[in-house]
Structure formats: structure tokens, C-alpha cells
Amino acid sequence: MNTALLIILLTIVISAALGVYAGSRVKMNLENWTIGGRRFGLIIMWLLMAGEIYTTFTFLGASGWAYSRGAPTFYILIYGTLAYTVSFFILPTLWKVGKRYGLHTQPDFFIHRYESRWLGVLVAAIGVLCILPYLQLQLTGLGLIVEVASEGAIGSKTAILISFVLTCLFVYTSGLRGTAWVSIIKDIMMIAAVGIVGLGVPHIYFGGFGKMFRALLEKHPGHLTFPGASLNMDTLWVMSTGLLTGLGFYMWPHVFGSTFSAKSAETIKRNATIMPFYQIPILLVLMVGFTALLVIPGLKNSDMAFLELVRVTYPSWFLGFVGAAGAVTAMVPSSVLVLFAATLLAKNVYKTGFAPQISETTVLRLSRILVLIIMILALVLAFYYPQALVNLLLIGYNGVSQFFPGVVFGLFWKKVTRLGVVCGLLTGFGLAAALVFSGHDPFLGMNAGFVALVVNTLVTVIICLINRRKI
Amino acid sequence: MSQGKRVALFLGSIPFLTLTFALPLVNRVEPIIIGLPFILFWIVLWVFLTPFILMAAYWLEKRINGQESQEGHQGVQDL
């Protein structure tokens with residue numbers, strides 16, 4: 001057994017064990033399982049949020065885009081920052097509403113605010129649809145990382161199987177509390193890996209990132225300004241994508257739901273002020289992608305740029321460490337994605353839509369079973385329908401972002417009506433899907449999801465103004 | 001809307017102005033600052049400043065609203 005393999009396996013097993021342990025001392029009910037009993041303080045919130053946000057996309061997708069497309073990748077630095085700014089203003093209010101009315105999930109909010117069970121079912125269904133590709137993305141990413149990092153000692157499918165059995169285990173026993181604890185390992189390893197590689201490779205090959213950028217500009221003069229090496233991602237695309245993903249960020253059902261796990265509105269607000277610091281490591285990830293373009297040009301799969309560069313630069317045990325960090329980086333977001341997908345289906349589709357009489361204990365039991373079912377579904381997707389990483393994420397974003405008007409108007413605009421929100425949501429979601437799937441993304445140079453969000457907002461406002469009465 | 005909230009919103013609009021609406025003006029390589037092409041330097045600068053802007057918003061909102069409530073014309077709940 002080689003050292004890299006040992007490091008990867010140990011990390012995965014220890015993480016899962018910690019996750020199981022995290023929930024072992026708590027009596028599980030739905031609130032404890034889904035949102036950690038609304039008891040997380042500032043530090044654990046920060047770790048959890050960072051744990052959810054920094055996915056395999058950060059490792060592979062961002063460096064891959066920097067490698068293959070160049071400057072348009074900068075939108076990743078932008079959108080997180082905008083998202084935290086938005087969160088500073090909306091999440092504390094959302095938390096208060098959640099606390100007062102005992103909400104656990106995003107559809108819970110829609111059901112409560114718009115007094116409509118069916119709107120809740122609709123929101124839950126769209127949420128699950130958007131989560132699934134995102135979950136599958138984590139699985140595919142994990143497989144790639146472990147296969148490369150163990151230098152073929154573990155195949156991608158085996159790696160996916162092992163780590164997701166373990167992930168299921170700690171989600172099943174501990175719920176969100178498990179995710180939060182595993183996030184600690186994940187965040188530390190991830191920052192160490194990105195820090196060492198991101199600061200290291202430009203220095204090793206060029207004697208500093210300034211010199212690296214100069215070499216890059218000489219060889220690929222257009223790479224570092226929009227549209228970079230992409231054909232259709234010019235400034236307008238970066239602006240609209242930054243806005244769309246910035247606004248849509250907290251509309252992801254799992255991120256939205258995790259908000260409720262904070263112990264106070266104050267915690268959430270203070271958390272928002274320190275979250276942007278987490279954007280700095282992304283800069284380092286981009287540096288790795290840029291360096292890779294110069295050192296190992298011509299990769300067939302640009303998502304492999306990060307790992308390939310580590311492989312040719314560092315000893316194999318360090319590659320193992322990076323692989324281990326990458327594996328936990330897939331496990332943590334997966335755990336929370338599957339947790340909320342399961343809760344949405346059990347609580348907001350099944351209970352709300354079809355069986356209002358069942359108890360919370362039954363919902364919890366059902367959610368736990370659904371964790372297993374959804375994971376298996378994602379495995380099948382990952383094994384048989386794997387696709388390019390970032391595109392999937394963007395389709396998901398287009399969908400969940402359409403919740404934004406419903407949430408923000410619901411919190412801050414008294415005159416908002418159910419009819420307006422339903423029409424806006426359906427128009428936005430339909431338009432986004434139509435544009436993306438008919439190949440019109442970008443549309444007129446703008447991100448298609450952004451176009452859909454603008455139309456969605458207009459439709460919502462106009463219908464609310466015409467139809468003041470609630471239907 | 002309270003005075004404090006208005007100040008906070010004003011501060012909160014800064015990242016949107018600099019990181020979205022200003023982008024067409026800064027999409028260039030020169031001048032290179034601390035080794036970064038200008039567009040990247042600009043983005044990193046505002047990403048780095050945003051947490052401090054938000055901290056200022058947090059602090060100012062508290063302080064201004066605190067003063068208002070002492071003077072007795074606070075709008076009570078500021079959702």
C-alpha cells in the first residue's frame with residue numbers, strides 16, 4: 001500500500017468517525033438532525049458555511065477554468081463576495097422568521113409566508129432537481145481526485161463507493177451536526193493544501209506570481225482580461241453571472257436551510273462580515289490554474305490541471321494529502337446536499353403534499369431512508385452520466401436563483417402576493433431552462449439565468465401590483 | 001427604515017458598484033500592481049476590503065440605531 005493511499009483512506013475514515021461521534025451524544029429529533037438544534041455559534045457557523053461552499057468545484061473547476069478560459073473565472077472571486085454582502089442584509093431577518101415560526105427548510109418558508117402547501121411542494125421539487133446534479137458533481141469530482149491522487153491505486157468508482165457509504169453513515173446518524181464537525185477537518189486540510197500549492201507552484205517555476213503573470217501575458221496576451229480564452233464570456237457575462245450567482249447563492253436549499261442552524265440573528269450577521277475572507281484561497285487556486293497552463297500545457301481535461309501540476313511538482317505523499325483534502329471537500333458538501341434533499345422530499349413533498357397528518361418522528365425516519373435512496377441515485381448518475389463539472393453547477397444556479405424574489409419580497413415587502421410569486425417563479429424557471437437547453441446561454445452576452453431572474457422579478461412585481469388581493 | 005439601516009445599505013452597495021458595475025472600466029492588464037494584472041488587482045482589492053466594509057456597516061448601524069433609541073424615536077422592530 002503506498003503512502004498516498006494510506007493518507008487518503010485514513011482521512012476519509014477519521015472524518016466519517018468524527019461525523020458519527022458528533023451526533024452520538026444528542027437525542028435526535030427533526031430539528032436536531034436537520035438544523036443542529038438551532039445552536040451553532042459564530043465559529044462553527046463559519047466552518048460549516050465554508051465547508052458547504054468550498055466544494056470540489058473550488059479545487060478542480062476553478063483551477064480548470066483559469067487554465068482553459070482565463071479571466072472569466074474571476075467571477076468566482078466576485079460572486080461569493082456579493083453573496084456574503086446580500087446575506088448580511090437578508091439572513092438575520094430570515095433567521096428571526098425561522099425561529100419564530102419553527103421553520104426548518106426553504107419550502108417551509110414559502111408555505112408559511114404565502115400560506116400555500118402547493119407552493120411549498122413546488123419549491124421543494126425545484127430545489128431537489130437543482131441539488132441532484134450538484135450532488136453528482138461532488139461524486140464525480142471525488143472519484144477523479146482520489147484516482148489521480150492515489151496514482152491509480154484506487155479506481156474512481158471504488159473511491160466514490162467507499163466515501164459515500166461513509167458519508168451516508170454520518171449523515172444518517174448525526175445530520176447537520178455531523179457535517180459541521182467534519183467541516184473542521186475539511187477546512188483545515190483544504191486551506192493547507194491550497195495555501196501550500198497556490199503559494200508554492202508560481203514560486204517554484206517562476207520565482208513568484210508576478211513573474212508567472214508576466215510569462216503568461218507574454219505567451220497568452222488575451223488570457224487575463226475578459227473574455228479570456230473563452231469565446232462568449234465577455235465583461236457583460238462576468239457582470240451578469242456575478243450578480244446571478246451572488247444573489248442565488250443563499251437560495252440553494254441547503255445553504256438557506258443551514259442559516260437556521262445559527263443560534264441567533266446576531267451570529268448570522270457577524271458571520272456575514274467575516275465570510276468574505278474565505279475568498280482569498282480562491283485566488284490561490286486560480287494561480288495554480290494559471291501556472292499549470294504554462295508548465296503543463298495541452299491537458300485534455302482542464303479540470304485535472306490542479307492535480308496534474310501537484311503530481312509533477314511534489315512527492316507522492318503530498319499528492320496523497322491533496323487527494324485526501326479533495327475527498328473530504330467532496331464529502332462535506334455532499335452530506336449537506338443529501339441531507340436537505342432528503343428533508344425536502346420527506347417534509348415538504350411527502351408530508352406537506354400528501355400526508356399532513358404524519359408526525360415529525362416519521363418525517364425524520366423517512367428523511368433518513370431517503371438519504372440512502374438519493375445517494376444511490378446520485379451514484380448511478382455519477383457512474384453512467386458524468387458530465388463537465390462547471391456547466392452542471394451553472395444550470396443549478398439558474399434554477400435556485402429564481403427563488404430570490406419570493407424570498408426577499410416575502411421578507412421585506414408587505415404587498416407581495418402568492419399569485420405574483422408563483423407566476424414569477426414559474427416564468428423565471430421556465431425561461432432559464434428554455435434558454436439553457438436551447439443553447440442560448442449566454443443570451444445577448446448575458447448569463448441566461450440572470451435574464452430569467454430579471455424577467456421573474458418584473459413579472460412578480462407587476463402581478464403583485466395588479467392583484468393586491470390574495471388568491 | 002432606520003437611519004442606521006440606510007447607512008448600512010449604502011455601505012453594502014459598494015461591493016456591487018465596484019465588483020459588478022465598474023468592471024467594464026477596469027478590464028485591462030496595465031498597470032500591473034503588486035504583480036497582478038490590473039483587473040485581477042481591482043477584484044482582489046475589493047474582495048479583501050468587503051469584510052471591513054461590512055464590519056463598518058455592522059458597527060455603524062448599531063451605533064446610529066442605539067443613539068436613536070436613546071432619543072426615543074426608534075422605529076422599534078427593524079426587520
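Because the structure is a prediction, the values reported are computed rather than measured. Reminder, nothing fancy here: chain letters follow the sequence lines and each chain counts from 1.
Chain A forms the most heavy-atom pairs under 4.5 Å with one residue out of B:Leu23, B:Leu40, B:Thr18, B:Leu11, and that residue is B:Leu40. If you tally non-hydrogen atom pairs under 4.5 Å between each of A:Ile282, A:Val238, A:Leu243 and chain B, the highest count goes to A:Leu243.
Heavy atoms of A:Leu82 lying under 4.5 Å from chain B belong to its backbone as well as its side chain. Of the atoms belonging to B:Leu19, heavy atoms from both backbone and side chain fall under 4.5 Å from chain A. Interface residue B:Ala57: backbone and side-chain heavy atoms are both found under 4.5 Å from chain A. Residue A:Leu236: no heavy atom, backbone or side chain, is found under 4.5 Å from chain B. Heavy atoms of A:Thr273 lying under 4.5 Å from chain B belong to its backbone as well as its side chain. Contacts between A:Leu77 and chain B at a heavy-atom distance below 4.5 Å involve backbone atoms as well as side-chain atoms. Heavy atoms closer than 4.5 Å to chain A are found in both the backbone and the side chain of B:Val29. With a threshold of 4.5 angstrom between heavy atoms, A:Phe226 approaches chain B through its backbone and through its side chain.
For residues 202-231 of chain A, the set of pairs meeting the salt bridge (Lys or Arg N to Asp or Glu O under 4.0 Å) definition, not counting sequence neighbours, is empty.
Using cut-offs of 30° and 60° for the angle between ring planes, the A:Tyr79 and A:Tyr75 rings count as parallel. Using a 30° and 60° split on the angle between ring planes, A:Phe209 and A:Phe213 fall in the perpendicular class, above 60°.
Taking 4.5 Å as the limit, every side-chain heavy atom of B:Pro51 sits out of range of all side-chain heavy atoms of A:Ile274.
Salt-bridge formation is detected for the pair A:Lys269/B:Glu61: a Lys NZ or Arg NE/NH1/NH2 atom is positioned less than 4.0 Å from an Asp or Glu carboxylate oxygen.
The six-membered or imidazole ring of B:Phe52 lies near that of A:Phe277, with a centre-to-centre distance under 6.0 Å. Taking the six-membered ring wherever Trp is involved, the centroid distance between the rings of A:Tyr250 and A:Phe404 does not fall below 6.0 Å.
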